[in-house]
Number of protein chains: 2
Amino acid sequence: MPTPERTSIGEIVGEAARILETGGPAAVTMQAVAGAVGVKAPSLYKRVRDREALLGLVGAAAADDLTRLLDDAGDDLGALLTAFRRFAHARPEAFRLLFTATVDADSLAATSVPVLRATAAAVGDEQALPAARLLTAWATGFLMMELAGAFRLGGDLDEAFAYGVRHLVASLVPAQDAERPAQGS
Amino acid sequence: MPTPERTSIGEIVGEAARILETGGPAAVTMQAVAGAVGVKAPSLYKRVRDREALLGLVGAAAADDLTRLLDDAGDDLGALLTAFRRFAHARPEAFRLLFTATVDADSLAATSVPVLRATAAAVGDEQALPAARLLTAWATGFLMMELAGAFRLGGDLDEAFAYGVRHLVASLVPAQDAERPAQGS
DNA sequence: ACCTGAACACCGTTCAAGT
DNA sequence: ACCTGAACACCGTTCAAGT
């Protein structure tokens with residue numbers, strides 16, 4: 001007689017994400033995750049290939065969450081980048097995992113869709129891709145460095161972030177002109 | 001009678017860095033490092049507190065190497081950022097470690113000295129700090145995303161990097177004007 | 001069809017005992 | 001003063017045996 005399922009892949013990934021954020025990657029042991037979902041470690045292998053794959057799933061789920069947050073932020077570039085930073089602050093371990101674990105490429109790519117939409121609205125389709133890359137690369141690096149404590153030379157980091165946003169958004173406006181012939185209307 | 005030293009902290013960190021780059025963080029086991037320096041694992045604890053501290057030392061050494069490379073690149077911002085990218089390509093695991101492990105704060109901070117010198121030369125002392133933060137944050141994010149395979153939408157990445165460098169450096173010039181009264185000389 | 005105990009290989013770390 | 005074997009706790013993973 002088939003044993004009833006005592007957990008699910010969704011619950012497993014969710015608990016792994018919770019443990020990750022609480023104790024860092026080292027705390028995400030198969031035994032800890034299994035215990036959190038009320039099962040023994042070997043049972044996890046019915047739903048996930050191995051620990052690395054589980055971390056990949058946690059990263060993919062985090063990417064999906066981030067995509068949703070960015071989507072909700074709309075087309076205002078400042079709001080978009082602020083939502084990005086809020087996510088990194090709220091879930092720093094998950095954020096790091098996006099660039100550390102082997103995350104499903106499609107989930108990772110989906111993250112840039114709302115950014116592309118916003119940059120297209122701001123500077124036109126022509127320059128949307130390089131503009132999106134510029135903004136996401138800068139924000140990613142800023143947050144990685146902020147989380148690593150690499151910003152040591154004085155100053156409020158909130159202000160530094162806002163400064164960067166203003167500077168970069170302003171720098172993109174000339175790129176919009178390139179879309180139209182020259183000093184277009 | 002005292003046993004002669006069979007290794008040194010420098011050799012240990014060096015071998016750990018080599019193993020890290022070859023096999024990733026998981027390959028840096030105390031046994032693997034000990035074997036590489038011709039000793040048994042317990043002996044490592046004479047020179048290093050634990051594995052996490054060893055990884056921190058590897059990160060600090062990488063930061064020192066990076067600082068030296070950036071120093072050699074001089075004050076040209078393009079050359080500086082290209083040297084940054086070359087380092088990340090040559091030693092991707094060490095580069096990631098800078099933002100992942102608990103690296104000595106001073107070693108990490110020293111990295112930004114050559115960047116500050118270069119931005120000071122380019123935009124003046126006044127704007128040197130925000131300019132340096134802007135450039136290093138962007139480069140860091142670009143490289144993190146590049147190493148993670150997060151750039152999927154077409155295009156040559158060499159070109160994309162060069163584009164970003166040009167765009168950012170150009171965007172910093174107006175900041176230089178702010179240093180002088182208005183539409184100065 | 002899912003779950004588990006037992007087992008295996010491996011890892012980080014400690015420590016008493018060697019030289 | 002450094003090195004090691006032995007030991008311990010813990011981890012990832014497999015698998016036969018349960019239900």
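Letters go in sequence order (proteins before strands), and every chain restarts at 1.
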Under the 3.5 angstrom rule, does the side chain of A:Ser171 hit a backbone N or O of A:Leu168 as a donor-acceptor pair?
-> yes

From C-beta outward on [X], which listed nucleotide comes closest to its side chain: [options]?
X       : options               : value
B:Pro42 : C:dT14, C:dC3, D:dA1  : C:dT14
A:Arg51 : D:dT13, C:dC3, D:dT4  : D:dT13
A:Tyr45 : D:dC3, C:dT13, D:dT14 : D:dT14

Plane angle bin for B:Phe142 and B:Phe151 - parallel if under 30°, tilted between 30 and 60°, otherwise perpendicular = tilted

Could you give the [atom1]-to-[atom2] distance, from [X] to [N], as a whole number of Å?
X       : N      : atom1 : atom2 : answer
A:Lys46 : D:dA16 : NZ    : C1'   : 12 Å
A:Asp50 : C:dC10 : CG    : C1'   : 16 Å
B:Met30 : D:dC3  : CE    : C1'   : 15 Å
A:Ile12 : D:dG12 : CD1   : P     : 14 Å
A:Lys40 : D:dA16 : NZ    : P     : 21 Å
A:Gln31 : D:dT13 : CD    : C1'   : 11 Å
A:Leu44 : D:dC11 : CG    : C1'   : 13 Å
A:Glu52 : D:dC11 : CD    : P     : 19 Å

Using only heavy-atom distances, decide whether a donor-acceptor pair under 3.5 angstrom links the side-chain of B:Thr3 to the base of D:dC3.
-> no

Where A:Arg6 and A:Glu11 come nearest, the two heavy atoms and their spacing | O-OE1, 4.2 Å

Closest heavy-atom contact between A:Met145 and B:Phe99?
-> CG-CE2, 3.6 Å

Is there a side-chain polar atom (N or O) of [X] under 4.0 Å from OP1 or OP2 of [N]?
X       : N      : answer
B:Ser43 : D:dC2  : no
A:Arg49 : D:dT14 : no
B:Arg6  : D:dA1  : no

For D:dT14, what is the paired nucleotide under Watson-Crick or G-U wobble rules, both distances under 3.5 Å?
-> C:dA6

Please determine, for D:dA1, whether a Watson-Crick or G-U wobble partner exists with both distances under 3.5 Å, and give it or none.
-> C:dT19

Salt-bridged, B:Arg68 to B:Asp71, with N to O below 4.0 Å?
-> no

